[in-house]
2 protein chains.
Amino acid sequence: MELTELSDILKILGHPLRLKVLLLLKKNGEMCVCELLSLLNVTQPNLSQHLSVMRLSGLIGGTKDGNTVKYKLANNEFLHKVLEVVEKFSEVEVKTRWKN
Amino acid sequence: MELTELSDILKILGHPLRLKVLLLLKKNGEMCVCELLSLLNVTQPNLSQHLSVMRLSGLIGGTKDGNTVKYKLANNEFLHKVLEVVEKFSEVEVKTRWKN
DNA sequence: TGACCATATTCGAAATTGCTTATATACTTA
DNA sequence: TAAGTATATAAGCAATTTCGAATATGGTCA
């Protein structure tokens, strides 16, 4: 991978909300927007815009399931490795998926 | 470390010039600005500004040696781990220090 | 001292980012 | 079909980033 490609990815990780979403997706495998929305303290359009950024850059993929959209991490080894490092250094307890 | 602290660091890595500088410092241990300047295709103020950003955020440290300033990576384990991942995925041949 | 280095800082303009509010789309269900 | 739900998109604006040009600082050496 080219250096600019790597720095582009790191730049996307360089926002706390996006980083948190990626960690949640890594931990939970697949989540719909409403689940993310219930865990993160942001407005729906704001979250949607960040998801859009990550989708367009290929870091996440979304599949429509009826009325909802489920997102998961893309198959990007660099992304996964960096997220592993982040997990290791993060004290923040990334909440698991809400279960009823 | 808090998530915002981690994303702040990743944000700084999310610029190709800064990333390249950090990789060079990691590889070469210590370099003066003029060496960096000779390897990177940027103006001196531009490089200096980026160095300033990295210095202020604690990712690098500089020591004055007569007329020149030598920079090296700070002792930041998270930074080192991420850079290792970047190195692993980077096809770009990071040039070693210029020798005469 | 005065003329050079190497590096840093300042300033201003252009581009980008991040957010809010409003609206659109698309699917579901009554 | 109409109303509701989930998600996306658009428009506008403030804040931030990035860079170039100009200038400042501080050390060296003749």
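Convention: sequence-line order gives letters A, B, ...; per-chain numbering from 1.
Counting heavy atoms of neighbouring residues, nucleotides and ligands inside a 6.0 Å radius, atom NZ of A/Lys81 does not exceed 12 of them.
Side-chain contact between A/Phe78 and A/Met1 is present, with at least one heavy-atom pair separated by less than 4.5 Å. A heavy-atom distance below 4.5 Å is not found between the side chains of B/Glu5 and A/Phe89. Residues A/Ile12 and B/Leu10 have side chains not in contact (no heavy-atom distance under 4.5 Å, counting atoms from C-beta outward).
Taking the nucleotide of DNA chain C with the nearest heavy atom to each of A/Pro45 and A/Gly14, the more 5' of the two is matched to A/Gly14.
Atom P of nucleotide D/dG20 and atom CG of B/Leu17 are separated by 10 Å, given to the nearest angstrom. Between A/Leu19 atom CG and C/dG18 atom P there is a gap of 13 Å when expressed in whole angstrom units. In this structure, the CD1 atom of B/Ile12 is 14 Å from the C1' atom of D/dT18, given to the nearest Å. Rounded to an integer number of Å, the gap from CG of B/Asn41 to C1' of D/dG20 is 14 Å. Regarding B/Gln44, its CD atom lies at a distance of 15 Å from the P atom of D/dG26, rounded to whole Å. One can place CG of B/Leu10 at 15 Å from P of D/dT17, the figure rounded to the nearest angstrom. Rounded to whole Å, atom P of D/dA15 lies 16 Å from atom NE2 of A/His15. Rounded to whole Å, the distance from NZ on A/Lys70 to P on C/dA26 is 21 Å.
Of the inter-residue distances, the one linking B/Leu22 atom CG with B/His80 atom NE2 reads 9.5 Å to the nearest 0.5 angstrom. Distance check, rounded to the nearest 0.5 Å: CD of B/Gln44 to CG of B/Leu36 gives 11.5 Å.
At D/dA6, none of the side-chain N or O atoms of A/Thr68 fall inside 4.0 Å of OP1 or OP2 (strictly under the cut-off). For D/dA6, the OP1/OP2 oxygens have no side-chain nitrogen or oxygen of A/Lys64 closer than 4.0 Å. B/Lys11 has a side-chain polar atom (N or O) that falls below the 4.0 Å cut-off from OP1 or OP2 of D/dT17. Side-chain N/O atoms of B/Tyr71 include none lying less than 4.0 angstrom from OP1 or OP2 on C/dA6.
Each of A/Leu13, A/Val21, A/Leu25, A/Leu73 was checked for a side-chain contact (heavy atoms from CB on, under 4.5 Å) with A/Met54, and the lone residue meeting it is A/Val21.
A/Asn67 contributes no side-chain N or O that forms a donor-acceptor pair with the base of C/dT28 under 3.5 Å.
Listed by residue number, the members of residues 46-58 of chain A with any heavy atom below 4.0 angstrom from DNA chain C are A/Asn46, A/Gln49, A/His50.
Relative to the side chain of A/Thr43, the nucleotides D/dT7, D/dA21, C/dT20 differ in distance, and C/dT20 lies closest.
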